[in-house]
Structures are given as structure tokens and as C-alpha cells.
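For reference, the structure discussed in these notes is given below.
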Number of protein chains: 2
Amino acid sequence: MQIGSKFTIGVHIITAIDYFKDMDRVNSEFLAGSIGVNPVIVRTVISQLREAGLVKTQRGSSGAELAKPLNEITLYDIYKAVGSVDEKEGLFHFHEQPNPDCPVGRNIHSVLDQRLMDAQKALEERLKTTTLADIAEDTKQAVGNESNEKKE
Amino acid sequence: MQIGSKFTIGVHIITAIDYFKDMDRVNSEFLAGSIGVNPVIVRTVISQLREAGLVKTQRGSSGAELAKPLNEITLYDIYKAVGSVDEKEGLFHFHEQPNPDCPVGRNIHSVLDQRLMDAQKALEERLKTTTLADIAEDTKQAVGNESNEKKE
DNA sequence: AATAGTTGTAATATATCGTGTTACAACTCT
DNA sequence: AGAGTTGTAACACGATATATTACAACTATT
């Protein structure tokens with residue numbers, strides 16, 4: 001089971017909005033072309049990013065821009081914004097009908113829950129350590145390396 | 001998106017095999033009753049646990065037993081055994097057709113991959129810190145607390 | 001003000017996957 | 001030999017991720 005691609009799409013969107021901010025009009029169609037998905041998918045994800053206060057868009061007005069500096073946006077913010085993991089359900093799906101008449105069945109939930117939550121937290125804390133400024137920088141560097149490779 | 005319940009079912013199975021090892025015949029039907037799922041689900045998960053060298057079962061012969069001491073089985077071992085996350089694909093589903101003609105599109109994958117892997121690793125390392133001996137102990141203690149509550 | 005283009009969102013379609021269930025051959029134990 | 005269990009294939013079903021169509025609401029431009 002995997003965390004949906006809306007998360008990496010969200011990262012791609014913000015990276016591209018920054019990268020092309022002075023060059024192209026960054027609208028949903030442009031982004032869809034860069035990402036390789038349907039423009040409606042892009043608009044859906046952007047809506048979620050907007051609700052989370054990460055980007056600014058306006059109905060009718062073409063183009064999106066960032067609502068925050070890149071170094072204040074972490075991978076976790078995007079992960080959260082696009083609802084990668086349901087808040088209530090959590091990352092781990094627990095079997096739903098453990099038998100209350102069985103000592104193991106009626107206690108397994110309380111015994112396991114905290115440890116599963118800890119593991120999920122470990123994942124999420126790690127996502128907080130990377131900002132979109134890191135991603136943007138690495139991207140520009142990767143693009144730079146491309147031209148070096150051509151020269152050689 | 002969630003990690004499937006086969007993981008918590010696997011934990012439940014091993015905990016129950018240990019808990020009832022001297023009391024009942026722990027076969028797939030018994031376990032299915034405790035977990036609250038179909039016996040075939042139990043047999044499927046047990047098959048995966050057996051292939052991973054965690055439990056021992058025999059065709060025709062009723063009952064399952066552990067192949068390792070509890071303190072040598074971690075949550076991660078079970079997570080891995082039941083294939084909670086596909087080895088090749090990883091925990092995060094990347095959008096599959098970023099545009100190679102776009103500087104962001106053709107670099108986003110390499111820029112992000114390592115960081116996503118790091119986050120997944122953080123989750124998995126955390127799962128390694130809990131052994132099934134911990135779970136078994138906590139379960140027995142929880143059962144003990146139940147009878148205390150009755151007294152009061 | 002009228003036109004063209006864009007966003008936001010609902011509605012629908014399709015494919016994939018988790019889970020449930022039936023069925024049965026292979027096997028063990030008594 | 002008979003009863004019971006495991007291992008596994010096959011199929012059903014519902015949930016969900018993603019794609020796509022459609023259109024109202026809105027902006028910018030002429």
C-alpha cells in the first residue's frame with residue numbers, strides 16, 4: 001500500500017511555481033504538462049495547498065504564486081495539506097473486529113496503538129526536516145549539472 | 001491511504017500463538033475467532049509469516065508455533081513479512097510521468113527520492129525498536145489490570 | 001460591455017487493490 | 001480409513017486513486 005501521488009504532485013507544483021515564477025505563466029495547464037497528469041488533478045491539489053495556506057490562486061485569474069517563503073514550507077506541510085494520511089484513521093489500518101471475549105483480542109488495540117503512532121510520528125518528523133527551499137536548491141543544482149555534462 | 005490490516009493481524013497472530021501456547025490448540029479457526037476475520041485470511045498471513053521464518057506450521061497438522069523467541073521478532077519483521085510496503089515501489093507513490101522536457105520534471109524524481117526513502121527508513125527503524133516480547137508483556141499486564149479493575 | 005481564457009468543483013468512469021468467501025487438493029493424526 | 005486442518009487458487013465485492021468531462025464563477029483584455 002502506498003501514499004498517493006498527490007503528495008509528490010504537491011511537491012512538484014510548489015517547486016515549479018518557484019522555478020518558473022519569473023519566466024512563464026504558471027497555470028494549471030502548464031503545471032499539468034510538467035507533471036504529466038490531467039489539469040483537473042493539478043487544480044484539485046492546488047486547492048488543498050491553498051486551503052493549507054501554502055499557495056495563492058484566484059478564480060478566473062491565471063497563475064499561482066507562493067503564499068509563504070520556500071524555507072517555511074516543509075515536506076510535512078504538503079503531506080498534511082493533501083491528506084496523504086487520514087487524521088483519524090492513521091497510517092496503519094487496524095483490523096476492526098478483534099474479539100472482546102478474547103484476552104488478546106480485547107487488549108491488542110491499546111497495546112499496539114501507541115507504538116504504531118510512534119512509528120508514524122517518526123516518519124512525519126523526518127518529513128519536517130526538509131524544506132521546499134532544499135528541494136528548490138537541489139533542483140537548480142541538478143539542472144546546473146546537466147549543462148556541465150554536456151560540455152564534457 | 002493506509003498500510004493494510006495484514007500487519008496488525010500478523011502481530012495479533014504471533015501474540016496469540018504465544019499467549020495460548022499452553023492452553024488451546026492454536027489453529028487458523030481459533031485465531032480467526034480472536035482476530036475477527038475469515039480463517040483463510042489468517043492462513044494467508046500465517047503463510048507469509050512462515051516464509052519469513054517467524055512461525056512454524058504444517059499442512060494437515062493442527063496448530064502453529066513460533067519459530068523464534070519473541071524477543072527476536074520485531075514489528076518490522078512482521079511488517080516486512082506480510083509485505084506492508086512493496087519493496088520496489090516504496091511507501092510513497094511517485095507520479096509516473098513527469099515531463100522530461102521540463103527542467104523540474106526531469107529532476108524532481110532524483111531530488112526527492114532520497115528524502116522520501118529517508119522518511120520511510122525512519123518509520124521502519126522505529127518499528128525495529130519494538131519486539132513481540134514487548135507486546136506480549138504489555139498484553140499480559142493489560143489482562144492483569146482487568147482483574148484489578150474488577151476488584152475495585 | 002463583450003469575449004476569451006482560467007479556476008473551482010461536481011459528477012462520472014475506470015482500474016487497482018484490500019478483504020471476504022468458496023472450494024478443494026495435500027497432508028496429518030487417531 | 002475417516003475426520004479434521006493447512007495451503008492455495010479462484011472469484012466476488014467494495015473502496016479508493018486517478019482520469020476525464022462538464023460547467024458555473026470569475027478575471028483580464030479589448
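Proteins get letters first, then strands, A, B, ... in listed order; numbering begins at 1 in each. Atom set for the values below is all heavy atoms of this structure, side chains included, hydrogens, waters and symmetry mates excluded.
- Relative orientation of the A/Phe7 and A/Tyr79 rings is perpendicular, given thresholds of 30° and 60° on the angle between their planes.
- For A/Glu96, the salt bridge (Lys or Arg N to Asp or Glu O under 4.0 Å) test picks out no residue, with sequence neighbours left out.
- Look at NZ on B/Lys6: it is 8 Å from P on C/dT19, rounded to the nearest Å.
- For B/Arg43, there are no salt bridge (Lys or Arg N to Asp or Glu O under 4.0 Å) partners, not counting sequence neighbours.
- Note on residues 129-140 of chain A: pairs passing salt bridge (charged side-chain N to carboxylate O under 4.0 Å, His left out), not counting sequence neighbours, are A/Asp18-A/Lys140, A/Asp138-B/Arg115.
- As a whole-Å value, the separation of A/Glu89 CD from D/dA17 P is 12 Å.
- Annotation: of the two residues near DNA chain D, B/Arg25 and A/Gln2, the 5′-most nearest-nucleotide partner is B/Arg25.
- Distance NE2 (B/His95) to C1' (D/dA19): 16 Å, rounded to an integer number of Å.
- When the P atom of C/dG20 is taken as reference, atom CD1 of B/Ile9 falls 7 Å away, rounded to whole Å.
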All N/O pairs under 3.5 Å across the protein-nucleotides 6-14 of chain D interface:
from: D/dT6; atom 1: OP1; to: B/Ser28; atom 2: N; distance (Å): 3.1
from: D/dT6; atom 1: OP2; to: B/Ser28; atom 2: OG; distance (Å): 2.7
from: D/dT6; atom 1: O4'; to: B/Gly60; atom 2: N; distance (Å): 3.3
from: D/dG7; atom 1: OP1; to: B/Arg50; atom 2: NE; distance (Å): 3.1
from: D/dG7; atom 1: OP1; to: B/Arg50; atom 2: NH2; distance (Å): 3.2
from: D/dG7; atom 1: OP1; to: B/Thr57; atom 2: OG1; distance (Å): 2.5
from: D/dG7; atom 1: O4'; to: B/Arg59; atom 2: NH2; distance (Å): 3.4
from: D/dG7; atom 1: N7; to: B/Arg43; atom 2: NE; distance (Å): 2.9
from: D/dG7; atom 1: O6; to: B/Arg43; atom 2: NH2; distance (Å): 3.1
from: D/dT8; atom 1: OP2; to: B/Ser47; atom 2: OG; distance (Å): 3.4

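- Residues forming a side chain to side chain contact (heavy atoms under 4.5 Å, CB included) with B/Asn27 (at least two apart in sequence, or on another chain): B/Arg25, B/Glu29, B/Phe30, B/Ser62.
- Contact between the side-chain N/O atoms of B/His93 and the OP1/OP2 oxygens of D/dT18 is found at a separation under 4.0 Å.
- Among residues at least two apart or in separate chains, salt bridge (charged side-chain N to carboxylate O under 4.0 Å, His left out) pairs with a member in residues 120-130 of chain B are A/Asp118-B/Arg126, B/Glu125-B/Lys128.
- Distance CZ (A/Phe7) to C1' (D/dT18): 18 Å, rounded to an integer number of Å.
- Rounded to whole Å, the distance from CG on B/Asp86 to P on C/dT16 is 15 Å.
- The nearest whole Å value for the distance from the CD1 atom in B/Ile41 to the P atom in C/dT22 is 12 Å.
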